[in-house]
Asks: 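Let me give you the structure first, and then I'll get to my questions.
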Amino acid sequence: MARKASLPLRGAYTLLELLIVLALLAALTGLTWPSVRGMLANSRLRAAAKQVRVALVTARGNAIESGEPHRFRYAPGSNWFEIGPLDASAEEDAAFPEQRSRRARRLKTTRDFLPSGVWFADLPSRDLEADRLSPTETRDEDPELRTAIFHPNGRSSQARILLMADNGLVIEVFLRGLTGTAKIGPVEQREAEP
């Protein structure tokens, strides 16, 4: 009987083979990480712009539904915003206190936050001079707050809202006053101010 030559069985990888595969994976990760990080920042900024757009649409819908003016309010340099009713005048409250208490219970101000690493930025002064759009109305008691006002007829104040990410990317949300519609602009790299 002839004996068959058997091949040796291999049950595992060697340490050297595992280290080579790990080194290749680390090199590939190192090469692709900057672009992946950029895509994540870009998507986070777009998600924040969509969140602001939804809040603007919600404030407009609340104004139309309630028959009372509403506002969208934020502070440049922060990551929070509020939507809620625009406060009625003191004369109206004094004349009809029972209506004010019913209205106060029905209409509430809600505060929300942008994703981490994204905040509201001030528009550069040269953009304000070049465009006929105002950044937002400032009818609040605090001059640092920016407010867009929505009227019961569907109109709003015209506004440009600038969002900025940690890596210098910016995106604008445009609010058209005549129709109260919001539009999101493209993501751009912000240039250094001269």
Side-chain angles (χ1 to χ4, degrees), residues 29 32-66 69-87 107-151 154-193:
T29 303
T32 59
W33 180 248
S35 63
V36 169
R37 201 170 98 209
M39 287 189 303
L40 289 174
N42 189 337
S43 67
R44 189 179 323 119
L45 192 58
R46 283 203 160 284
K50 288 177 184 176
Q51 181 183 7
V52 168
R53 182 175 178 225
V54 166
L56 293 169
V57 170
T58 301
R60 180 178 183 263
N62 290 347
I64 293 170
E65 185 179 314
S66 69
H70 275 63
R71 68 180 176 199
F72 171 87
R73 182 168 73 165
Y74 68 95
S78 73
N79 69 340
W80 64 267
F81 60 89
E82 293 177 338
I83 60 171
L86 186 66
D87 294 328
L107 304 173
K108 295 183 180 177
T109 298
T110 58
R111 181 176 276 204
D112 203 356
F113 297 90
L114 298 174
S116 65
V118 179
W119 66 90
F120 293 98
D122 258 341
L123 291 168
S125 58
R126 67 178 188 279
D127 285 352
L128 295 179
E129 295 166 4
D131 292 335
R132 293 182 329 168
L133 295 173
S134 63
T136 49
E137 290 184 20
T138 54
R139 289 178 42 175
D140 278 310
E141 56 282 348
D142 186 352
E144 293 299 315
L145 295 178
R146 304 289 187 263
T147 303
I149 299 170
F150 294 87
H151 303 284
R155 293 184 177 182
S156 69
S157 55
Q158 193 138 314
R160 291 174 61 192
I161 301 168
L162 186 68
L163 302 175
M164 187 171 206
D166 288 335
N167 58 359
L169 292 176
V170 295
I171 192 167
E172 276 188 78
V173 180
F174 303 93
L175 180 62
R176 185 162 185 215
L178 185 60
T179 60
T181 57
K183 178 183 165 191
I184 299 172
V187 174
E188 298 173 341
Q189 185 68 42
R190 187 165 197 178
E191 300 163 3
E193 299 260 338

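Any value given below was found using the heavy atoms of this structure, including those in side chains, with hydrogens, waters and symmetry copies removed. Numbers here are sequence positions counted from 1. Since the structure is predicted, the reported quantities are computational estimates derived from the model, not experimental observations.
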Asks: Compare every heavy atom of Thr109 with every heavy atom of Pro85, then report the nearest pair and how far apart it is.
Replies: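 Smallest interatomic distance, heavy atoms only, reads CD-OG1, 3.8 Å.
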
Asks: Under a 3.5 Å distance rule, please check whether Thr181 uses its side chain to pair with a backbone N or O of Arg176 as donor and acceptor.
Replies: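 Answer holds: no.
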
Asks: Begin from the C-alpha positions of Ile83 and Arg71 and carry the test side-chain contact (heavy atoms from CB on, under 4.5 Å) through to its verdict.
Replies: CA-CA 6 Å; Ile83 60 171; Arg71 68 180 176 199; over 6 Å; no

Asks: Within the structure provided, determine whether Asp166 and Trp119 are in side-chain contact (heavy-atom separation under 4.5 Å).
Replies: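 Result yes, sub-4.5 Å side-chain heavy-atom pair found.
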
Asks: If you look only at distance, which donor and acceptor atoms sit under 3.5 Å apart when one is on a side chain in residues 49-61 and the other is two or more places apart or in another chain?
Replies:
residue	atom	partner	partner atom	Å
Gln51	NE2	Asp112	OD2	3.1
Gln51	NE2	Phe113	O	2.9
Arg53	NE	Ala182	O	3.1
Thr58	OG1	Val54	O	2.8
Arg60	NE	Gly154	O	2.9
Arg60	NE	Thr179	O	3.1
Arg60	NH2	Thr179	O	3.2

Asks: When rounded to the nearest 0.5 angstrom, what distance separates CG in Leu145 from CD in Glu82?
Replies: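 Answer for the CG-CD pair, Leu145 versus Glu82, is 8.0 Å.
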
Asks: Do you know the tightest heavy-atom contact between Leu175 and Ser157?
Replies: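 Here Leu175 and Ser157 meet closest at CD2-O, 3.4 Å.
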
Asks: Atom CZ of Arg73 and atom CH2 of Trp80: how far apart are they, to the nearest 0.5 Å?
Replies: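 Between atom CZ of Arg73 and atom CH2 of Trp80 there are 5.5 Å.
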
Asks: Between Phe81 and Phe120, how do the two ring planes meet: parallel, tilted or perpendicular, split at 30° and 60°?
Replies: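 Perpendicular.
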
Asks: Within this structure, what is the CG-NE2 distance for the pair Leu86 and His151, rounded to the nearest 0.5 Å?
Replies: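 Spacing of CG (Leu86) from NE2 (His151) equals 8.5 Å.
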
Asks: Determine the minimum heavy-atom distance between Ser156 and Gly180, stating which atoms define it.
Replies: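 Smallest interatomic distance, heavy atoms only, reads OG-CA, 3.5 Å.
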
Asks: How far does CG of Leu169 sit from CE of Met164, to the nearest 0.5 angstrom?
Replies: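 Leu169 CG to Met164 CE: 8.5 Å, rounded to 0.5 Å.
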
Asks: Could you grab the distance from atom OG1 of Thr147 to atom OH of Tyr74, nearest 0.5 Å is fine?
Replies: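 One gets 9.0 Å once the value is rounded to the nearest 0.5 Å.
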
Asks: So Arg146 and Ile161, do their side chains get closer than 4.5 Å, heavy atoms only?
Replies: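 The answer is no, as the side chains (C-beta and beyond) never meet within the 4.5 Å cut-off.
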
Asks: Can you list everything that forms a side chain to side chain contact (heavy atoms under 4.5 Å, CB included) with Arg46? Sequence neighbours excluded, please.
Replies: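 Applying side chain to side chain contact (heavy atoms under 4.5 Å, CB included) to Arg46 gives Asn42, Ile171, Ile184, Val187.
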
Asks: Measure the spacing between CG of Leu163 and CD of Glu172 and express it to the nearest 0.5 Å.
Replies: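 With rounding to 0.5 Å, CG (Leu163) is 9.0 Å from CD (Glu172).
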
Asks: Under the side chain to side chain contact (heavy atoms under 4.5 Å, CB included) rule, collect the residues that match up with Ala63, sequence neighbours excluded.
Replies: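 Once residues adjacent in sequence are excluded, the partners of Ala63 under the side chain to side chain contact (heavy atoms under 4.5 Å, CB included) criterion are His70, Phe150.
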
